[in-house]
Protein chains: 2
Amino acid sequence: MSEVAKAAGVSVMTVSNVVNGHRYVSEATRDRVLDAIDRLGYRVNVAARSLRSGSTGVIGLAVPDIEKPYFGQLAALIIDRAGALGYQVVVEQTGATRENELGALAHSRLRRYDGLILSTVRLGDEDADQLRSDLPVVVLGERLTGQGSVDRVAMANVEGAREATHHLIERGCRRVAALGAEPGSRPGAGALRAAGYRQALDEAGLPWRAELQVRCGFSMADGAAAVRVLLASGTPFDGVVCFTDTIAIGALRALADHGLTVPEDVLVAGFDDVEQAAYTVPSLTSVAPGHAEMVDAALRMLTERIAGHRDADAHEEFTGPHRLVVRQSTGGP
Amino acid sequence: MSEVAKAAGVSVMTVSNVVNGHRYVSEATRDRVLDAIDRLGYRVNVAARSLRSGSTGVIGLAVPDIEKPYFGQLAALIIDRAGALGYQVVVEQTGATRENELGALAHSRLRRYDGLILSTVRLGDEDADQLRSDLPVVVLGERLTGQGSVDRVAMANVEGAREATHHLIERGCRRVAALGAEPGSRPGAGALRAAGYRQALDEAGLPWRAELQVRCGFSMADGAAAVRVLLASGTPFDGVVCFTDTIAIGALRALADHGLTVPEDVLVAGFDDVEQAAYTVPSLTSVAPGHAEMVDAALRMLTERIAGHRDADAHEEFTGPHRLVVRQSTGGP
DNA sequence: TTGTATGCGTTATCAC
DNA sequence: GTGATAACGCATACAA
């Protein structure tokens with residue numbers, strides 16, 4: 001920078017002002033400075049700028065696994081929107097372990113990030129105070145605590161699952177299986193969606209049956225395995241509500257392996273409406289959780305907090321606008 | 001840091017030495033320092049450290065679109081492996097535009113990154129000198145220039161497509177369509193895979209037919225559209241080689257829509273072996289390009305260059321070990 | 001409109 | 001083993 005200043009015959013401060021578009025700088029000097037910058041190939045040193053300004057222009061995004069379509073889609077959106085706001089995004093993968101989710105918070109305290117978007121699946125009430133860090137955090141996911149102690153963006157898990165299940169029942173299913181409720185754990189997405197499933201059964205006057213609710217992880221392999229378990233158990237079923245689309249994709253695979261046709265023999269619905277859902281064979285009915293709106297809300301909350309425009313004790317909650325997208329797997333077009 | 005020093009009754013230098021595990025520090029003082037760090041909740045300021053040390057601990061990853069399964073998988077691997085090496089990863093999405101690919105290089109000159117992994121699809125020979133920046137860069141993708149002017153990690157595009165096509169022919173196909181060759185553009189993955197396709201036809205003594213080669217983008221929608229074009233044209237075909245798995249997934253969708261059964265009526269093969277390929281209905285035969293090996297090679301090259309262990313003028317090229325994975329879509333298990 | 005002085009938090013160097 | 005000092009490159013505050 002000082003070299004540029006020398007070359008342009010001005011002080012470093014003027015160079016800084018030109019670079020940042022600050023202050024009143026005469027047209028002539030600005031041109032001279034810009035020319036010198038160009039000639040010398042000068043680039044600002046972001047480390048120095050960060051040190052001085054106290055902010056990094058980087059936000060962290062912690063997700064379980066960016067390879068999963070749902071999180072990939074989310075990350076793509078966040079990176080784009082954040083970029084438009086002048087932020088770069090560092091992606092951390094937590095592998096859905098509590099340890100790594102806390103680790104993301106710890107890293108953030110390294111002041112590497114101006115803020116953190118944490119897609120949490122394992123953090124519970126006992127970790128809530130960890131979130132009350134000095135650093136702006138927005139949690140993407142389920143309710144951690146009864147009271148809002150953190151800005152949070154969620155989706156309509158209960159309602160979405162309820163509608164999907166209701167839809168299957170409406171289409172004639174009487175024995176609807178549910179795939180994905182996590183083993184006895186804290187109330188994560190799986191448990192909430194399971195609650196919605198049960199609500200729909202209740203409303204329709206159908207009995208809830210333990211043998212129709214299969215606990216499994218959220219991967220395609222898990223979904224396929226769950227269906228195999230179900231089939232092996234001999235429990236009859238005519239519909240399957242999957243708590244994620246990846247589970248559903250695995251389920252479709254396993255059903256096909258066993259010679260069952262969707263939707264003729266069994267109806268299938270998923271959750272998340274990943275891009276893929278429109279391209280499975282048959283295409284997959286799914287609950288669209290309002291990704292874009294969620295991302296926008298999360299970034300708005302985060303940037304407002306970074307800018308200090310928010311009360312430290314007032315926390316906001318946003319729930320995405322969900323919508324059931326009916327496709328072939330439940331007899332749609 | 002100075003507060004920690006004061007609290008521990010030592011100098012800041014000693015704190016620094018403790019934090020970095022440097023030098024000889026007596027057991028007693030280290031304990032005292034660590035205790036103070038803990039009590040005061042001190043965290044190093046990475047901005048200051050970067051300013052002082054000249055490195056950021058961050059590498060950039062520029063991909064067309066992280067939402068695409070292939071790149072998502074790649075990113076997940078890179079983030080993991082880079083993390084193990086002590087690097088964080090900033091993901092940039094270029095949207096497969098030349099402008100943004102060059103933009104990633106420009107950003108990197110902001111010295112935000114210690115190095116950059118650039119998954120390039122649009123950069124051509126005329127941009128080669130841009131790559132010869134002061135910053136360590138590894139290109140993931142096709143050959144840019146005749147000579148190696150940059151470290152590069154590629155996959156066996158020609159050979160992989162040749163094997164996939166050969167496999168279809170071996171299974172009895174006589175009219176194999178190819179989906180994905182990009183419109184007349186520079187030699188990217190599409191063109192190379194198209195070359196492999198043609199090689200296999202030649203070797204089998206089958207004629208290459210223009211009407212069987214459909215140019216299209218790499219998305220699921222593109223694949224579906226391409227099949228519709230093919231069917232609408234009335235050109236008979238008994239096999240389809242898709243230049244990416246996403247194209248193949250779209251193709252499966254469109255074939256099903258038209259009442260064609262895979263593999264009974266048509267055989268289908270893809271390229272990339274994304275996780276998804278094992279879960280389509282029918283499951284998808286695909287060319288596995290050796291992702292893990294490619295990622296390891298790229299990170300090795302990059303870290304070596306960052307460490308200065310590489311000759312500025314000697315550039316390395318690595319090609320992943322490919323392998324055809326046969327699944328149901330070509331009559332496999 | 002432009003320049004000067006100062007300090008952000010760290011670490012390398014060298015002296016003790 | 002430990003500490004004092006300088007410097008990394010930039011931007012704020014204020015002076016000119």
Side-chain angles (χ1 to χ4, degrees), chain A residues 1-37 40-58 86 107-114 134-135 307-308, chain B residues 1-37 40-58 86 88 107-114 134-135 306-308:
Chain A
M1 191 150 166
S2 65
E3 287 181 34
V4 172
K6 210 183 311 169
V10 299
S11 76
V12 291
M13 209 40 240
T14 302
V15 177
S16 174
N17 284 333
V18 169
V19 167
N20 296 294
H22 278 172
R23 289 280 194 75
Y24 304 94
V25 180
S26 76
E27 194 74 19
T29 45
R30 189 176 52 242
D31 285 351
R32 236 169 342 122
V33 169
L34 288 176
D35 182 60
I37 285 177
L40 277 63
Y42 163 81
R43 307 287 143 171
V44 310
N45 180 319
V46 287
R49 175 181 283 177
S50 290
L51 177 58
R52 182 61 235 229
S53 70
S55 69
T56 65
V58 173
H107 275 164
S108 70
R109 293 222 192 79
L110 289 177
R111 289 185 270 176
R112 208 186 261 280
Y113 310 142
D114 288 346
D134 44 345
L135 189 118
Chain B
M1 191 149 166
S2 66
E3 287 182 34
V4 173
K6 211 184 308 172
V10 298
S11 75
V12 290
M13 208 43 237
T14 301
V15 177
S16 174
N17 285 331
V18 169
V19 168
N20 297 292
H22 279 170
R23 289 278 197 76
Y24 303 94
V25 181
S26 75
E27 195 73 22
T29 45
R30 189 177 51 240
D31 286 351
R32 239 173 335 127
V33 170
L34 288 175
D35 182 60
I37 285 177
L40 277 63
Y42 162 81
R43 307 285 144 173
V44 311
N45 179 319
V46 287
R49 173 180 284 177
S50 290
L51 176 59
R52 183 59 233 220
S53 70
S55 68
T56 63
V58 173
Q88 296 213 295
H107 277 165
S108 71
R109 293 223 191 80
L110 289 176
R111 290 185 269 176
R112 210 182 258 283
Y113 310 142
D114 289 346
D134 43 345
L135 189 119
I306 290 170

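All heavy atoms count here, side chains included; hydrogens, waters and symmetry mates do not. Chain letters run A, B, ... following the sequence lines, proteins first and then strands; every chain starts at 1.
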**OP:** Spell out, as yes or no, whether a donor-acceptor pair under 3.5 Å connects the side chain of A:Arg49 to the backbone of A:Val44.
**Re:** no
Subject >> A:Tyr42 vs B:Val10, nearer the 5' end of DNA chain D by closest nucleotide >> reply: B:Val10
Original post:
Rounded to whole angstrom units, what separation is found between the CG atom of B:Leu51 and the P atom of C:dG9?
Top reply: 12 Å
Original post:
Between B:Glu27 and B:Arg30, is the closest basic N to carboxylate O distance under 4.0 Å?
Top reply: yes
Original post:
How many angstroms lie between atom CG of A:Asp35 and atom OG1 of A:Thr29, to the nearest 0.5 angstrom?
Top reply: 12.5 Å
Original post:
Among C:dT4, D:dT2, C:dA12, which nucleotide sits nearest the side chain of B:Arg52?
Top reply: C:dA12
Original post:
Rounded to the nearest 0.5 Å, how far apart are CZ of B:Arg32 and OG of B:Ser26?
Top reply: 7.0 Å
Original post:
Could you state the interatomic distance from CZ (B:Arg112) to OG1 (B:Thr56), rounded to the nearest 0.5 Å?
Top reply: 9.5 Å
Subject >> Nearest-angstrom distance from the residue atom NZ of B:Lys6 to P of D:dT2 >> reply: 20 Å
Original post:
Going from CG on B:Asn45 to CZ on B:Arg52, what distance comes out if it is rounded to the nearest 0.5 angstrom?
Top reply: 14.5 Å
Subject >> Phosphate OP1/OP2 of C:dG9 contacted by B:Ser2 side-chain N/O (<4.0 Å) >> reply: no
**OP:** Output the single nucleotide from D:dA11, C:dA12, D:dC10 whose closest atom is nearest the side chain of A:Met13.
**Re:** D:dA11
**OP:** Could you tell me the separation between the OG atom of B:Ser55 and the OH atom of B:Tyr113, rounded to the nearest 0.5 Å?
**Re:** 15.5 Å
**OP:** Would you tell me if any nitrogen or oxygen in the side chain of B:Arg49 comes within less than 4.0 Å of OP1 or OP2 on C:dT11?
**Re:** yes
Original post:
For the pair made of CG in A:Leu40 and C1' in D:dG9, what is the distance, rounded to whole Å?
Top reply: 15 Å
Subject >> Nearest-Å distance for atom pair CG/P, residues A:Asn17 and D:dA11 >> reply: 9 Å
**OP:** Return no unless some side-chain N or O of A:Ser50 is found under 4.0 Å from OP1 or OP2 of D:dC10.
**Re:** no
**OP:** Looking at every strand, decide which applies to B:Met1 at a 4.0 Å heavy-atom threshold: base, sugar-phosphate, or nothing.
**Re:** base
**OP:** Using whole Å, report how far CD of A:Glu3 lies from C1' of D:dG9.
**Re:** 12 Å
Original post:
Within less than 4.0 Å of OP1 or OP2 of C:dT11, is there a side-chain N or O belonging to B:Ser16?
Top reply: yes
Original post:
Which one, D:dG3, C:dT2, D:dC10, comes nearest to the side chain of A:Ala48?
Top reply: D:dC10
Original post:
Which nucleotide in the list D:dG1, D:dA13, C:dG9 gets nearest to the side chain of B:Ser26?
Top reply: D:dG1
Subject >> Side chain proximity check, B:Val10 to B:Val33, heavy atoms < 4.5 angstrom >> reply: yes
Original post:
B:Arg30 CZ to D:dG3 P: how many Å, rounded?
Top reply: 15 Å
Subject >> Residue A:Asn20, side-chain heavy atoms: nucleotide from D:dA11, C:dT10, C:dT4 that is nearest >> reply: D:dA11
Taking only N/O atoms, report every protein-nucleotides 14-16 of chain C pair under 3.5 Å with atom names and distance.
from, atom 1, to, atom 2, distance (Å)
C:dC14, N4, B:Arg23, NH2, 2.4

Original post:
Mapping B:Ser53 and B:Thr29 to their closest nucleotides on DNA chain D, which lands nearer the 5' end?
Top reply: B:Thr29
**OP:** Have a look at A:Val19 and say if it touches a base, only the backbone sugar-phosphate, or nothing, with a 4.0 Å heavy-atom cut-off.
**Re:** nothing
Subject >> Separation of C:dT11 C1' from B:Asn45 CG (nearest whole Å) >> reply: 13 Å
